[in-house]
Amino acid sequence: MTRNARIDPETVTVDVLPPAVILCEPQLGENIGTAARAMANFGLVDLRIVNPRDGWPSEKARAAASRADHVIDNVQVFDSVEAAIADLRFVFATTARSREISKPVRGPDEAAETLCRYGRDGLKTGYLFGRERWGLNNEEVALADEIVTLPVDPNFASLNIAQAVLVCAYEWRMKATYGALPFRVDGETHPPAEKEDVVRLFEHLESALDNVNFFRPPEKRPSMVLNLRNILQKANLTRQEVKSLRGVIAALERRPTRPRKDEPEGQGEK
């Protein structure tokens with residue numbers, strides 16, 4: 001998605017401390033980069049990496065991040081999970097497998113609600129993600145406060161890192177912003193049509209259809225008109241949409257069209 005010119009300013013700044021994302025021993029720079037991109041999509045910036053196989057920094061990660069440079073530039077690298085989560089107050093371990101560890105298991109929405117509660121108090125939190133091939137081991141899961149798992153099909157539960165980060169980040173932002181969307185249709189820019197204009201549209205359409213003998217047999221005309229009006233009424237037309245539809249009807253009636261500004265007078269008529 002590209003930047004929209006009419007962004008709601010209230011959705012730009014989120015008054016909740018975002019969680020950190022900790023990647024445990026990621027193998028590929030591309031996976032780190034796509035995880036960073038997923039973080040940036042939903043306002044997360046604190047990316048921590050534990051023992052990346054190919055070292056750091058990584059140009060492959062930067063390229064895969066697709067301009068999420070502010071996340072890549074902020075990356076911290078650690079030698080152990082313990083060091084990576086040391087300053088955090090609450091951590092969720094992500095896993096798709098049942099563990100023999102007595103910890104509460106939450107869905108991504110519940111986990112996001114918990115982290116937002118801490119974040120609104122200015123306390124640091126995080127999501128801990130495992131390796132591409134086998135995830136987190138039990139010792140690493142034991143370091144977390146709770147487990148978060150996604151409602152995937154248990155017969156095909158494997159997600160890549162970026163997918164898992166994306167789902168968790170999405171749920172976090174949903175809770176942090178109370179579901180606020182960055183933009184909606186602007187009622188001032190696209191005002192709804194007045195009922196008078198809508199009725200004129202109805203009458204124009206019905207007149208054009210009368211001229212081509214559309215309403216057959218004649219005794220069914222009232223019910224057919226009613227159906228057409230109901231169809232158009234459901235559309236909640238704007239002023240511009242009414243004008244456009246009336247222009248379409250006029251064209252089908254083969255009325256003379258007004259010349260465009262770049263055409264000589266008379267050239268636009270047919």
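Side chains are part of it too, since the values below use all heavy atoms of this structure and drop only hydrogens, waters and symmetry mates.
Hydrophobic clustering (ILVMFWY, side-chain heavy atoms < 4.5 Å, transitive): Val248 and Val242 are in distinct clusters. Cluster annotation: Met174 and Tyr127 are assigned to distinct hydrophobic clusters (Ile/Leu/Val/Met/Phe/Trp/Tyr, side-chain heavy-atom contacts under 4.5 Å, transitive). Hydrophobic clustering (side-chain heavy atoms under 4.5 Å, transitive across Ile, Leu, Val, Met, Phe, Trp, Tyr) keeps Leu159 apart from Trp134. Val141 and Val152 fall into different hydrophobic clusters, where Ile, Leu, Val, Met, Phe, Trp and Tyr residues are linked whenever their side-chain heavy atoms come under 4.5 Å apart, directly or through other members. Hydrophobic clustering (side-chain heavy atoms under 4.5 Å, transitive across Ile, Leu, Val, Met, Phe, Trp, Tyr) keeps Leu47 apart from Ile22.
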Legend entry - Stepwise side-chain contact (heavy atoms from CB on, under 4.5 Å) check, Leu166 with Arg37: CA-CA 9 Å; Leu166 186 75; Arg37 179 179 182 179; over 6 Å; no

Inset, instruction - Using the side-chain contact (heavy atoms from CB on, under 4.5 Å) rule, take Asn160 and Glu132 through it: C-alpha gap first, then chi angles, then the decisive distance, then the call. - result: CA-CA 7 Å; Asn160 65 39; Glu132 291 94 330; over 6 Å; no

Inset, instruction - Check the pair Arg133, Gln27 against side-chain contact (heavy atoms from CB on, under 4.5 Å), reporting the backbone distance first and the verdict last. - result: CA-CA 9 Å; Arg133 295 182 64 183; Gln27 294 181 319; 3.7 Å; yes

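At least one side-chain heavy atom of Val14 sits less than 4.5 Å from a side-chain heavy atom of Arg173. For the pair Val21/Leu44, a side-chain contact is recorded, criterion being any heavy-atom separation below 4.5 Å from C-beta on. Considering only heavy atoms from C-beta on, Asp109 stays 4.5 Å or farther from Tyr170 through its side chain. Annotation: side chain of Glu25 is not in contact with side chain of Ile49 (no heavy-atom distance under 4.5 Å). When side chains are defined from C-beta on, Ile32 counts as touching Trp56, because their heavy atoms get closer than 4.5 Å. Within the 4.5 Å cutoff, no side-chain heavy atoms of Val105 are placed close to those of Glu146. Between Asp69 and Arg62 there is a side-chain heavy-atom pair separated by less than 4.5 Å. Leu128 has its side chain out of reach of Thr94: every pair of non-hydrogen atoms, C-beta onward, lies at least 4.5 Å apart.
Using modelled atom types, no side-chain atom of Asp121 and backbone atom of Leu123 make a donor-acceptor pair closer than 3.5 Å. In this structure, the side chain of Asn31 does not engage the main chain of Ile161 through any donor-acceptor pair within 3.5 Å. Not one N or O on the side chain of Arg254 forms a donor-acceptor pair closer than 3.5 Å with the backbone of Ala251. With hydrogens and angles disregarded, no donor-acceptor distance shorter than 3.5 Å links the side chain of Arg106 to the backbone of Glu110. Not a single donor-acceptor pair under 3.5 Å links the side chain of Ser58 to the backbone N or O of Asp54. Formation of a donor-acceptor pair under 3.5 Å by the Lys103 side chain with backbone atoms of Ala144 is found in this model. Thr125 contributes no side-chain N or O that, together with a main-chain N or O of Val91, makes up a donor-acceptor pair within less than 3.5 Å.
The local environment of CZ in Arg120 is crowded, with over 12 non-hydrogen atoms from other residues, nucleotides or ligands closer than 6.0 Å. Enclosure of atom CD in Glu194 is not indicated, since only 12 or fewer non-hydrogen atoms of other residues, nucleotides or ligands lie within 6.0 angstrom. Heavy atoms of other residues, nucleotides or ligands lying less than 6.0 angstrom from CZ of Phe215 number more than 12. Other residues, nucleotides and ligands contribute only 12 or fewer heavy atoms inside 6.0 Å of the CG atom of Asp15.
To the nearest 0.5 angstrom, Met39 atom CE is 11.5 Å from Cys168 atom SG. The OG1 atom of Thr238 sits 9.5 Å away from atom NZ of Lys243, with the distance rounded to the nearest 0.5 Å. Note that the CG atom of Asn51 and the CG atom of Leu23 stand 12.0 Å from one another [nearest 0.5 Å]. To the nearest 0.5 angstrom, Phe129 atom CZ is 14.0 Å from Glu140 atom CD. We find the CD1-CG distance between Ile147 and Leu136 to be 9.5 Å, quoted to the nearest 0.5 Å. Atom-to-atom distance recorded for Tyr178:OH and Cys116:SG is 8.0 Å, nearest 0.5 angstrom.
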If you look only at distance, which donor and acceptor atoms sit under 3.5 Å apart when one is on a side chain in residues 199-207 and the other is two or more places apart or in another chain?
unit_1 : atom_1 : unit_2 : atom_2 : d
Arg200 : NH2    : Glu196 : OE2    : 2.8
His204 : ND1    : Arg246 : NE     : 3.1
His204 : ND1    : Arg246 : NH2    : 3.4
His204 : NE2    : Glu253 : OE1    : 2.9
Glu206 : OE1    : Arg229 : NH2    : 3.1
Glu206 : OE2    : Arg229 : NE     : 2.7
Glu206 : OE2    : Arg229 : NH2    : 3.4

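Looking at residues two or more places apart in sequence or on another chain, you find a ring-ring contact (aromatic ring centres under 6.0 Å, His included) between Phe90 and Phe92, Tyr118. The side-chain hydrogen bond (donor to acceptor under 3.5 Å, both in side chains) test applied to Arg89 returns no partner, not counting sequence neighbours.
A pairwise comparison of heavy atoms in Pro19 and Leu115 identifies CB-CD1, 3.9 Å as the closest pair. Across Val165 and Ala38, no two heavy atoms sit closer than the pair CG1-CB, 4.1 Å. Of all non-hydrogen atoms in Val50 and Val81, the two that sit nearest each other are CG1-N, 3.9 Å. Listed here is the closest heavy atom pair of Ala83 and Ser80: N-OG, 3.1 Å. Pro108 and Pro151 get closest at one heavy-atom pair: CD-CD, 4.0 Å. The minimum heavy-atom distance between Ala111 and Val148, with the atom names listed, is CB-CG2, 3.8 Å.
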